[in-house]
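Structure record follows, encoded as structure tokens.
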Amino acid sequence: MTRPSVARRPDRLAFTLVELLVVIAITVVLLHLLVPAVFMARESARRAHCGNNLRQLGLAVLSYEQHKGVLPPSGLVQKRPDRWYDARSGVMISWMVLVLPYIEQQNLYAQFDLGRSALEQQRGPDGGEPQEIQWPGLLCPSDSSRGRFFQHPTLTRGKKFAKGNYAAFVSPYHVDEQLRYPGAITAAGQSMARIVDGASNTLMLPEVRVRDDPRDARGAWVLPWTGTTQLAFDMHPQWWLSPDIFRAASYSVGVTQPPNCRGPNVDMLYDCPDMAGSQLDEMPCGLWQPQGEWFFQSAAPRSRHPGGVNVLFADGRLGFLSDDVDEYAMAYLISVNDQQPVNVTGHVP
């Protein structure tokens with residue numbers, strides 16, 4: 001006898017529309033969870049890399065102090081009897097050039113002629129000028145400074161200056177007032193004994209950002225100017241109480257230069273190209289003037305790390321300075337002659 005035929009159900013070869021939509025929804029959710037985690041992991045690695053560069057640079061500064069007996073001067077400029085720091089005088093060579101031998105950059109250091117202006121350096125054996133060299137130890141991968149240069153038709157006479165991502169705190173007040181109200185690194189090349197609050201309570205080196213504009217000087221590591229290798233917080237002193245001992249003035253609160261400052265204060269530069277663009281880049285700047293309202297020099301530490309910047313204390317300890325740090329605390333952490341030790345999260349006594 002023949003067996004009755006049984007209809008067979010055809011094999012499924014595809015998802016139904018509902019199943020496909022469910023798979024897509026699950027994939028989207030997983031991507032939303034995964035992408036931020038990947039970004040955070042990458043940024044954590046970049047921040048650690050930036051911090052390690054900062055630590056190595058700080059060790060070079062401390063090695064300089066051990067050999068010379070003083071911390072490196074913030075810049076080789078012309079000394080003035082009125083203690084005014086004139087950044088665009090003398091040979092205009094920054095502290096970073098001076099510490100090159102202590103960070104395994106002896107060959108690069110040998111290419112500099114410290115008797116010549118930074119604007120008059122000669123070509124080396126490789127055909128380039130030393131101020132054009134962008135060595136990896138000055139590059140934070142969180143920022144995009146690689147391949148960026150400062151080249152200005154008048155300020156540099158057309159010469160190229162490589163950019164980096166590190167600088168020094170020179171004053172809690174203004175860069176031009178660093179000899180009266182000093183930070184750890186000043187034009188005087190002071191000894192560690194001048195840091196009366198203790199090296200562990202004194203900020204020395206922070207991070208900076210650069211812009212993709214050759215006329216913007218920020219980050220130019222050879223020049224000892226505001227925003228290039230020198231920063232100041234712009235907390236005004238109570239000079240009427242003690243002319244040479246820093247005491248913070250309350251009227252400066254809210255208009256200082258905390259990390260990643262977006263205003264109302266701005267980085268004061270010798271040229272501020274595309275002012276509106278600098279605001280969009282979250283790096284506002286203003287054009288310094290030799291007199292009047294814009295006659296001051298200060299600039300903020302900056303980074304692309306979420307929430308703040310890496311900083312190095314004068315004892316070589318790495319820390320992280322929050323964007324919303326207490327303004328009094330930051331001023332006294334930068335100052336070395338206030339006799340009011342604080343820590344990065346504490347309050348001023």
Side-chain angles (χ1 to χ4, degrees), residues 73-80 84-97 111-124 127-134 138 144-168 170 174-178 187 208-232 234 257 265-281 283-300 302:
S74 59
L76 301 182
V77 300
Q78 185 176 358
K79 291 181 172 60
R80 291 177 41 157
W84 183 270
Y85 178 82
D86 186 355
R88 293 177 62 191
S89 67
V91 296
M92 294 190 299
I93 289 178
S94 80
W95 62 272
M96 284 195 185
V97 176
Q111 296 182 44
F112 283 93
D113 183 349
L114 300 186
R116 284 181 181 270
S117 166
L119 305 180
E120 299 172 346
Q121 295 297 308
Q122 302 297 303
R123 295 192 178 277
E129 297 176 2
Q131 82 282 349
E132 298 176 341
I133 296 176
Q134 192 177 50
L138 292 183
S144 49
S145 57
R146 185 178 297 278
R148 293 183 177 179
F149 296 88
F150 171 47
Q151 187 174 22
H152 198 279
T154 56
L155 293 174
T156 72
R157 305 172 193 169
K159 280 186 175 286
K160 292 172 64 177
F161 285 77
K163 294 181 179 180
N165 291 116
Y166 305 100
V170 299
H174 292 162
V175 168
D176 40 272
E177 292 277 8
Q178 63 184 267
V208 293
R209 283 182 55 199
V210 305
R211 290 182 69 205
D212 189 14
D213 190 318
R215 299 167 299 163
D216 192 309
R218 283 176 284 191
W221 70 272
V222 171
L223 293 170
W225 298 353
T226 305
T228 58
T229 56
Q230 301 190 28
L231 305 182
D234 215 342
Q257 294 270 36
N265 208 334
V266 298
D267 296 349
M268 195 55 56
L269 310 177
Y270 294 126
D271 189 12
C272 177
D274 185 18
M275 289 192 185
S278 72
Q279 290 279 358
L280 294 176
D281 291 338
M283 294 177 60
C285 60
L287 180 61
W288 179 84
Q289 300 291 332
Q291 58 184 356
E293 182 181 358
W294 300 106
F295 183 52
F296 69 92
Q297 297 176 6
S298 65
R302 301 184 185 277

Less than 4.5 Å apart, any side-chain heavy atom of [X] and any of [Y]?
| X | Y | answer |
| --- | --- | --- |
| Phe150 | Thr228 | no |
| Leu138 | Met96 | yes |
| Thr229 | Leu223 | no |

Original post:
What residues form a ring-ring contact (aromatic ring centres under 6.0 Å, His included) with Trp84, not counting sequence neighbours?
Top reply: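 Result, ring-ring contact (aromatic ring centres under 6.0 Å, His included) vs Trp84: Phe295.
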Partner residues of [X] under the salt bridge (charged side-chain N to carboxylate O under 4.0 Å, His left out) criterion, sequence neighbours left out:
| X | result |
| --- | --- |
| Arg157 | Glu120 |
| Lys159 | Glu129 |
| Arg116 | Asp113 |

With sequence neighbours excluded, tell me which residues meet side-chain contact (heavy atoms from CB on, under 4.5 Å) with [X].
| X | value |
| --- | --- |
| Val208 | Ala167, Leu231 |
| Pro73 | Tyr64, Leu76, Leu98 |
| Ala168 | Trp95, Ile185, Leu205 |
| Gln289 | Leu287, Trp294 |

Interatomic spacing from [atom1] in [X] to [atom2] in [Y] - rounded to 0.5 Å:
| X | Y | atom1 | atom2 | answer |
| --- | --- | --- | --- | --- |
| Glu177 | Gln297 | CD | CD | 10.0 Å |
| Phe149 | Lys160 | CZ | NZ | 4.5 Å |
| Asp176 | Thr226 | CG | OG1 | 7.0 Å |
| Gln151 | Glu132 | CD | CD | 8.0 Å |
| Gln131 | Phe161 | CD | CZ | 4.5 Å |

Original post:
Can you list every pair that meets salt bridge (Lys or Arg N to Asp or Glu O under 4.0 Å) and has a residue in residues 286-299, with sequence neighbours left out?
Top reply: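 The answer is none; no pair qualifies.
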Original post:
Which pairs with one or both residues in residues 144-155 pass salt bridge (Lys or Arg N to Asp or Glu O under 4.0 Å), sequence neighbours excluded?
Top reply: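 For residues 144-155: Arg148-Asp212.
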Tell me which donor-acceptor pairs under 3.5 Å the side chains of residues 269-280 have, and how far apart each pair is, sequence neighbours excluded?
residue: Asp271; atom: OD2; partner: His152; partner atom: NE2; Å: 2.7
residue: Asp274; atom: OD1; partner: Gly277; partner atom: N; Å: 3.0
residue: Ser278; atom: OG; partner: Met275; partner atom: O; Å: 2.6
residue: Ser278; atom: OG; partner: Cys285; partner atom: N; Å: 3.4

Original post:
With sequence neighbours left out, which residue pairs that include part of residues 214-225 fulfil the side-chain hydrogen bond (donor to acceptor under 3.5 Å, both in side chains) condition?
Top reply: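 Output for this query lists Arg211-Asp216, Asp213-Arg215, Asp216-Arg218, Arg218-Asp267.
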